[in-house]
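Presented below is the structure to which this report refers.
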Amino acid sequence: MAHVLFFIAEAGGHYSASWGLAAQLREAGHTVTYLGQERARATVEGQGFAFETVPFLLPHRIGVMPRPGQRWGPRHHLQAWLVRRGHGRALLAMAPQVPAMTAELVGRLRPDLLVFDPFRLGWYVPFHAHGIPAVAFSSKPLLSPDPLVPPYTSGVVPDPSPRGRLRVRLAWLRVRAAYLKHRLAVVAERVLTGYSHVRLLGILARQAAYPLRRAWATRPLHFDLRLRGIPELVLFPREFDFPRERPLPPDAVYVGPCVYAGRVEEPFPWDQVPAGRSVVLCSLGTMPHNYDAAGVDFLRRVVAAFAGDPRRVLVLVSGGEAVTRALGPVPAHVRVCEWAPQLQVLARADAMITHGGANSIRECMTAGVPVLVYPFRADQPGNAARVVFHGLGLRGDHRRDDPAEIRRKLDALTADAGIRERVQRMREAFVRADEERAAAAFVERFLREKGRAGAAAEPVALAGAGHHAL
């Protein structure tokens with residue numbers, strides 16, 4: 001069987017997105033090893049996977065993050081720039097050693113396949129010299145342009161009318177303008193610091209004789225790297241996306257949500273939740289910047305929305321002790337946790353109030369839980385738009401909705417039998433894709449096509465078709 005190496009950005013959500021894919025491969029008999037910095041070892045081994053330390057895989061977000069409840073100011077931008085400069089210089093100094101480090105890893109681990117998330121895909125380049133095939137997985141919706149599908153950073157809910165097509169076109173124009181601004185910032189970064197991720201990619205490409213210019217296929221979002229010749233596994237079932245006018249790109253395949261039901265989590269203290277009450281989960285995910293001043297202010301309004309509603313128990317994830325303190329006293333039927341085992345809570349929840357992160361959306365649909373989505377950034381607006389398009393929940397505005405409006409929308413969500421029915425139908429599509437092990441099936445077919453010795457001998461039918469830190 002094959003030995004598969006996973007290259008995952010060091011963030012909780014990125015690891016969570018990968019567990020299901022890794023578990024499918026392990027259950028199919030393949031060996032899975034994660035590569036990263038030593039501080040990620042406990043996280044990976046806690047889920048039962050092997051781990052190897054790789055010095056050049058520095059954390060994917062190097063910079064100054066706002067503390068909980070803090071707003072950014074000029075001082076923080078300067079600090080972030082200084083940290084990025086030091087990070088870039090460290091990477092450039094390490095670049096000459098990367099070929100030897102890569103050769104040592106390949107010789108010792110003898111991998112048959114490399115699996116990258118987009119934040120790590122740049123590190124495929126030094127492995128190119130060894131002829132090892134690779135795939136990338138996207139925890140977000142497919143980004144490939146289409147006249148009927150806006151970029152996932154947009155909250156536009158499309159329709160095929162001329163007006164709807166115009167809104168989609170304008171959304172793509174906005175994201176391309178933002179990407180141009182980013183490329184100009186990259187040039188400025190290189191002038192001021194001597195480093196940019198593009199410069200580092202060029203150095204690695206020359207060392208590995210990799211045709212970077214020809215392979216560069218990145219869409220207009222700087223944190224979503226794509227390279228030609230590397231298939232993209234989209235961790236959603238096709239049914240969740242918008243209808244497309246153009247055929248799918250030949251190297252893109254929907255493989256289902258890959259939600260890992262066997263994820264190791266601490267047990268939730270259900271003895272502290274009164275029996276027979278409706279349970280609502282509220283979480284803004286695992287990224288620290290979700291709990292900045294805007295995030296904390298929103299969570300305060302969510303707590304206030306439940307203040308006069310003892311019919312429901314709110315399980316609110318604060319993300320840390322500082323946010324818990326910032327929230328202050330809460331009603332008895334609001335339980336504030338720094339962290340919660342989301343799969344366990346969703347198994348009993350009647351609804352979730354979420355920022356619209358891809359992991360939370362996948363897990364809610366797999367559990368059959370309708371969502372009230374308050375998107376903040378990145379792919380969250382696009383995930384919320386898909387929820388609205390398919391009638392799987394409601395969308396709010398985290399900047400404007402007061403406690404009364406949050407309560408009104410939650411009441412409408414939980415009372416809508418049509419939403420519950422559509423969520424159950426979508427749940428069937430999510431569960432079916434994972435039961436059919438579409439991700440593992442694609443990987444095994446891909447390995448056979450590449451002639452890797454570790455691939456399964458018998459054909460396996462397909463069930464269906466930040467910044468770069470490298």
Side-chain angles (χ1 to χ4, degrees), residues 4 6-9 14 17-18 20-22 24-25 113-122 124 128 133-154 158 168 171-172 175-176 179 214-259 358-359 361-362 365 378-379 382-383 385-386 389-390 429-430 432-434 436-450 460-465 468:
V4 184
F6 273 67
F7 296 76
I8 308 298
H14 290 252
S18 74
L21 174 58
Q24 283 193 30
L25 295 173
L113 179 70
L114 312 175
V115 177
F116 294 89
D117 81 9
F119 282 71
R120 289 294 198 204
L121 185 54
Y124 164 74
H128 169 76
V135 299
F137 72 83
S138 176
S139 61
K140 313 171 193 68
L142 184 64
L143 186 60
S144 298
D146 187 276
L148 295 180
V149 181
Y152 58 59
T153 53
S154 167
V168 170
W172 280 107
V175 81
R176 289 188 175 101
Y179 185 62
R214 189 166 69 247
W216 187 263
T218 295
R219 289 75 56 102
L221 278 177
H222 62 276
F223 51 80
D224 203 327
L225 184 61
R226 287 284 291 120
L227 298 173
R228 288 187 177 89
I230 298 180
E232 181 176 27
L233 310 184
V234 183
L235 301 189
F236 279 104
R238 179 67 184 84
E239 291 87 342
F240 182 73
D241 210 349
F242 297 129
R244 301 181 68 86
E245 184 173 278
R246 299 171 181 168
L248 288 176
D251 58 352
V253 57
Y254 292 90
V255 295
C258 295
V259 172
N359 286 340
I361 296 295
R362 277 194 296 273
M365 293 303 104
D379 60 317
N383 295 329
R386 286 161 174 80
F389 179 85
H390 292 293
F430 273 63
R432 182 171 59 250
D434 277 353
E436 291 171 344
R437 297 294 189 262
F442 176 87
V443 166
E444 294 197 325
R445 188 183 74 172
F446 180 69
L447 286 171
R448 288 196 304 274
E449 290 174 351
K450 295 297 182 181
V460 180
L462 273 177
H468 298 316

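Positions are given from 1 along the sequence.
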Between Thr218 (side chain) and Arg226 (backbone), is there a donor-acceptor pair under 3.5 Å? yes

Would you call Pro237 and Tyr254 a side-chain contact if the rule is heavy atoms closer than 4.5 Å? no

Would you compute the distance between atom CG of Leu233 and atom CG of Leu142 and round it to the nearest 0.5 angstrom? 11.5 Å

Straight-line distance of Ser18 OG to Ile8 CD1, nearest 0.5 Å: 4.0 Å

Just to verify, what does Ala358 make a side chain to side chain contact (heavy atoms under 4.5 Å, CB included) with, not counting sequence neighbours? Phe236, Arg362, Asp379, Asn383

Side chains of Glu444 and Leu25: closer than 4.5 Å at any heavy-atom pair? no

Find out whether Leu114 and Val135 are in side-chain contact, i.e. whether some heavy atom of one side chain is under 4.5 Å from a heavy atom of the other. no

Just do the side chain to side chain contact (heavy atoms under 4.5 Å, CB included) check on Arg214 and Arg228 with the steps written out, would you? CA-CA 8 Å; Arg214 189 166 69 247; Arg228 288 187 177 89; 5.9 Å; no

Donor-acceptor pair, side chain of Gln24 and main chain of Ala440, under 3.5 angstrom: yes

In chain order, what residues pass the side chain to side chain donor-acceptor pair (under 3.5 Å) check against Arg386, with sequence neighbours excluded? Asp241

Is any side-chain heavy atom of Leu143 closer than 4.5 Å to a side-chain heavy atom of Leu221? yes

Is there a donor-acceptor pair closer than 3.5 Å between any side-chain N or O of Arg120 and the backbone N or O of Tyr124? no

Could you walk me through whether Val115 and Val443 pass the side chain to side chain contact (heavy atoms under 4.5 Å, CB included) check? CA-CA 10 Å; Val115 177; Val443 166; 5.8 Å; no

Exercise: identify the closest heavy-atom pair between Ala171 and Pro150: CB-CB, 4.2 Å

Between Phe240 and Phe430, how do the two ring planes meet: parallel, tilted or perpendicular, split at 30° and 60°? perpendicular

How about Met365 and His390: do any of their side-chain heavy atoms sit closer than 4.5 Å? no

Taking all non-hydrogen atoms of both residues into account, name the closest pair between Pro243 and Leu148 and its distance. O-CB, 3.7 Å

Residues in side chain to side chain contact (heavy atoms under 4.5 Å, CB included) contact with Pro220, at least two apart in sequence or another chain: Trp172, Val175, Arg176, Tyr179

Interatomic distance, OH@Tyr152 vs CZ@Arg219, rounded to 0.5 Å, equals 7.0 Å

Minimum heavy-atom separation for Pro147 to Glu245, with atom names? CG-OE2, 3.5 Å

Supply the atom-to-atom distance Phe119 CZ to Asp224 CG, rounded to the nearest 0.5 angstrom. 8.0 Å

Test log, rule side chain to side chain contact (heavy atoms under 4.5 Å, CB included), inputs Val259 and Asp434: CA-CA 8 Å; Val259 172; Asp434 277 353; 4.1 Å; yes

Are Phe223 and Pro118 side-chain neighbours, meaning at least one heavy-atom pair lies under 4.5 Å? no

All heavy atoms of Pro231 vs all of Phe446, minimum pair found to be CG-CE1, 3.6 Å

Phe137 backbone acceptor or donor facing Asp117 side chain under 3.5 Å: no

Distance-minimising heavy-atom pair for Leu235 and Ala17: CD1-O, 3.4 Å

4.5 Å side-chain heavy-atom contact, Glu232 and Pro249: no

Rounded to the nearest 0.5 Å, what separates atom NE2 in His128 from atom CD1 in Ile230? 9.5 Å

Check the pair Glu239 / Arg432 against side chain to side chain contact (heavy atoms under 4.5 Å, CB included), numbers first and verdict last. CA-CA 11 Å; Glu239 291 87 342; Arg432 182 171 59 250; 3.6 Å; yes

Leu113 side chain near Leu447 side chain, heavy-atom distance below 4.5 Å: yes

Between Phe242 and Phe389, how do the two ring planes meet: parallel, tilted or perpendicular, split at 30° and 60°? perpendicular

Between Arg246 and Asp146, what is the shortest heavy-atom contact and its length? N-OD2, 2.8 Å

